[in-house]
Amino acid sequence: MSTPMTSAPHVVIHLATAAVTAPHGPDEQHGAGRAAAAGALRRAGSTQVEVGRRSDGAPVFPAGFVGSIAHTRRLAVAAVCRAGEARGIGVDLETDTVRERLHRILLRDEERETLWTPADAPTLRGLFVAKEAAFKAFSACEERVARTFWRVRLERPVSGADGLLARAGDERAWVRVRADADSAWAVAVLLERDRASRADSGRPG
């Protein structure tokens, strides 16, 4: 499927999934991730659908496209958009329960106060995948501080738009999250510098 990021109306994200085959190990998960990425690239209009791999394991998408891959033991998902629409993109998927005590590590005080209600496990899992997706999107940044997971902080956008705003250093990313009792997934888009300034002021992207 292809879905517009309503908080960043000029960005269209192309999503695809692939099942992880038995015995659901690392090789099968890797293969499913590449299959999902190929599907998302096709939907984005790419004629090249093979995804490379950096020395650190991060995926390398064909020229002209940015993307991200995530997987559980049973399902892989990929998100792709054209490089001219976003500087970076991140996707994350989680089916395991995030233990409530981890909120002390995952969330800052202001995030707990504004985004999470104690004992709300689905929302905590949603905030976790939101940070993971934003962290992946920020990996495209030159600013080192933005490429550190613990520097990522989430907040409601000033404009009241759907989704969350992720910050790390001087970088900004829009994040869309969907969470229910069984799973949570999130897609993050690294904003261009001018859009980041508009996000701070509450003006639309």
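Just the heavy atoms: all of them, side chains too, but no hydrogens, waters or symmetry mates, feed the values below.
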Compare all side-chain heavy atoms of [X] with those of [Y] and state whether any distance is below 4.5 angstrom.
X	Y	value
L115	L107	no
V80	I89	no
V66	C81	yes
F135	R151	no

side-chain hydrogen bond (donor to acceptor under 3.5 Å, both in side chains) involving R99 - partner list, sequence neighbours excluded: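 For R99, no residue satisfies side-chain hydrogen bond (donor to acceptor under 3.5 Å, both in side chains) once neighbours in sequence are set aside.
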
side-chain hydrogen bond (donor to acceptor under 3.5 Å, both in side chains) partners for D182, two or more places apart: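 D182: no side-chain hydrogen bond (donor to acceptor under 3.5 Å, both in side chains) contacts found.
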
Heavy-atom pair of closest approach, residues [X] and [Y]:
X	Y	answer
R125	D180	NH2-O, 3.2 Å
A130	L164	CB-CD1, 4.4 Å
A134	V152	CB-CG1, 4.0 Å
T95	S183	CG2-CB, 3.9 Å
A76	A36	O-CB, 4.0 Å
E85	V11	O-CG2, 3.3 Å

Can you name the residues that form a side chain to side chain contact (heavy atoms under 4.5 Å, CB included) with [X], not counting sequence neighbours?
X	value
A173	F138, A166
A35	A18
V129	D92, E94, V177, A184, A186

Quick check: is [Y] connected to [X] through a chain of hydrophobic side chains (ILVMFWY, heavy atoms under 4.5 Å apart)?
X	Y	answer
V60	V77	no
F65	V91	no
V189	L15	yes

Linking Ile, Leu, Val, Met, Phe, Trp and Tyr by side-chain heavy atoms under 4.5 Å, what else ends up with V20?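 Once heavy-atom contacts under 4.5 Å are chained together, V20 still belongs with nothing else.
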
Only counting residues at least two apart or in another chain, list the ones meeting salt bridge (charged side-chain N to carboxylate O under 4.0 Å, His left out) with R156.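 Scan of R156 (salt bridge (charged side-chain N to carboxylate O under 4.0 Å, His left out), adjacent residues dropped) gives none.
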
Mind jotting down which residue pairs meet the salt bridge (charged side-chain N to carboxylate O under 4.0 Å, His left out) criterion with at least one end in residues 21-36? Sequence neighbours excluded, please.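 Listed by first then second residue: nothing to list.
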
Taking only residues at least two apart or on different chains, which pairs with a member in residues 54-68 satisfy salt bridge (charged side-chain N to carboxylate O under 4.0 Å, His left out)?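 Every pair satisfying salt bridge (charged side-chain N to carboxylate O under 4.0 Å, His left out) with a residue in residues 54-68: R54-D56.
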
Sequence neighbours excluded, every pair satisfying side chain to side chain donor-acceptor pair (under 3.5 Å) that has a member inside residues 60-76: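 Counting only pairs at least two positions apart or across chains, the side chain to side chain donor-acceptor pair (under 3.5 Å) contacts touching residues 60-76 are Q29-H71.
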
What pairs meet the side chain to side chain donor-acceptor pair (under 3.5 Å) rule with one or both residues in residues 105-124, with sequence neighbours excluded?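 As it turns out, the side chain to side chain donor-acceptor pair (under 3.5 Å) pairs with a partner in residues 105-124, which skip direct neighbours, are D109-R112, E111-K131, D120-T123.
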
Between K136 and I69, is there a donor-acceptor pair closer than 3.5 Å when you use the side chain of the first and the backbone of the second?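 Checked: pair present.
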
Cut-off 3.5 Å, no hydrogens considered: what does the side-chain donor-acceptor table look like for residues 44-52, sequence neighbours left out?
unit_1, atom_1, unit_2, atom_2, d
S46, OG, Q48, N, 3.1
S46, OG, Q48, O, 2.5

